[in-house]
Colleague: 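Have a look at this one before I ask anything.
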Amino acid sequence: LGGKVVTHTNPVAALDWLSIIPPGTLDLILADVVMPEIDGRAFRASAAALTDTRIVLFTGVDDEADGPDILRKPLSPDELRRHVGRLLLG
């Protein structure tokens, strides 16, 4: 699909960065449900207050995979590419 990937070592740093970037900078945010400091759902809620970018979470726990924007791990690179492609290209 191409594009630029930005990574952060923790969700708090990612939220700090989201608070200073211009709108429209990102096409998609991918995050794990299990993260240090705050969980993925809290991250998604905080990030949604900062950006209108779509946020997709990953989880390795069956009963946490409860929505269209929560992907079940493990995912192969090809599966991830297909899913992201569908999200971005419609």
Side-chain angles (χ1 to χ4, degrees):
L1 294 171
K4 181 179 178 182
V5 175
V6 177
T7 62
H8 289 277
T9 58
N10 67 66
V12 174
L15 290 171
D16 288 344
W17 183 74
L18 282 173
S19 72
I20 63 170
I21 62 169
T25 300
L26 302 175
D27 295 315
L28 183 66
I29 297 171
L30 301 172
D32 205 313
V33 170
V34 178
M35 297 188 289
E37 300 182 44
I38 61 174
D39 70 26
R41 286 182 172 82
F43 171 82
R44 181 172 53 189
S46 296
L50 299 170
T51 182
D52 60 356
T53 302
R54 189 164 189 177
I55 302 164
V56 176
L57 300 177
F58 293 98
T59 184
V61 180
D62 280 334
D63 49 337
E64 289 181 346
D66 61 353
D69 285 343
I70 300 182
L71 301 177
R72 177 78 168 93
K73 296 187 298 187
L75 238 62
S76 73
D78 285 339
E79 289 172 309
L80 178 60
R81 194 175 301 111
R82 280 192 301 274
H83 190 79
V84 168
R86 281 192 300 269
L87 293 174
L88 296 178
L89 304 174

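What's counted below: heavy atoms across the whole structure, side chains too, no hydrogens, waters or symmetry copies. Keep in mind it's a predicted model, so treat the numbers as computed, not measured. Position 1 is the first residue of the sequence, and the numbers go up from there.
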Colleague: Leu18 and Ile29: side chain to side chain contact (heavy atoms under 4.5 Å, CB included), yes or no, with the steps?
Modeller: CA-CA 10 Å; Leu18 282 173; Ile29 297 171; 4.0 Å; yes

Colleague: For a quick test of reading the model, state the closest non-hydrogen atom pair linking Pro36 to Pro11 and the distance between them.
Modeller: O-CG, 3.1 Å

Colleague: In terms of hydrophobic clusters joined by side-chain contacts under 4.5 Å, are Val12 and Trp17 together?
Modeller: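 Different clusters.
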
Colleague: Show your working on side chain to side chain contact (heavy atoms under 4.5 Å, CB included) between Arg44 and Asp69 and close with a plain yes or no.
Modeller: CA-CA 11 Å; Arg44 181 172 53 189; Asp69 285 343; 4.3 Å; yes

Colleague: With a 4.0 Å cut-off on N to O distance, would you call Asp32 and Lys73 a salt bridge?
Modeller: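 Salt bridge present between Asp32 and Lys73.
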
Colleague: Could you tell me whether the side chain of Ser19 and the main chain of Asp16 form a donor-acceptor pair under 3.5 Å?
Modeller: yes

Colleague: Which heavy-atom pair separates Ala47 from Leu15 by the least distance, and what is that distance?
Modeller: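 Here Ala47 and Leu15 meet closest at N-CD2, 3.6 Å.
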
Colleague: Rounded to the nearest 0.5 Å, what's the gap from CG on Leu30 to CG on Leu87? Could you check?
Modeller: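 CG of Leu87 is found 8.5 Å from CG of Leu30.
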
Colleague: When rounded to the nearest 0.5 angstrom, what is the spacing between CD1 in Ile55 and CG in Leu26?
Modeller: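 If we round to the nearest 0.5 Å, Ile55:CD1 and Leu26:CG are 9.5 Å apart.
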
Colleague: Using atom types as modelled and distance alone, determine if a side-chain donor or acceptor of Arg72 lies under 3.5 Å from a backbone N or O of Phe58.
Modeller: no

Colleague: So, taking the atom named CG in Leu75 and the one named CZ in Arg81, what distance separates them when rounded to the nearest 0.5 Å?
Modeller: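 Result: 11.0 Å between the selected atoms.
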
Colleague: Distance check, rounded to the nearest 0.5 Å: Thr59 atom OG1 versus Arg41 atom CZ?
Modeller: 7.0 Å

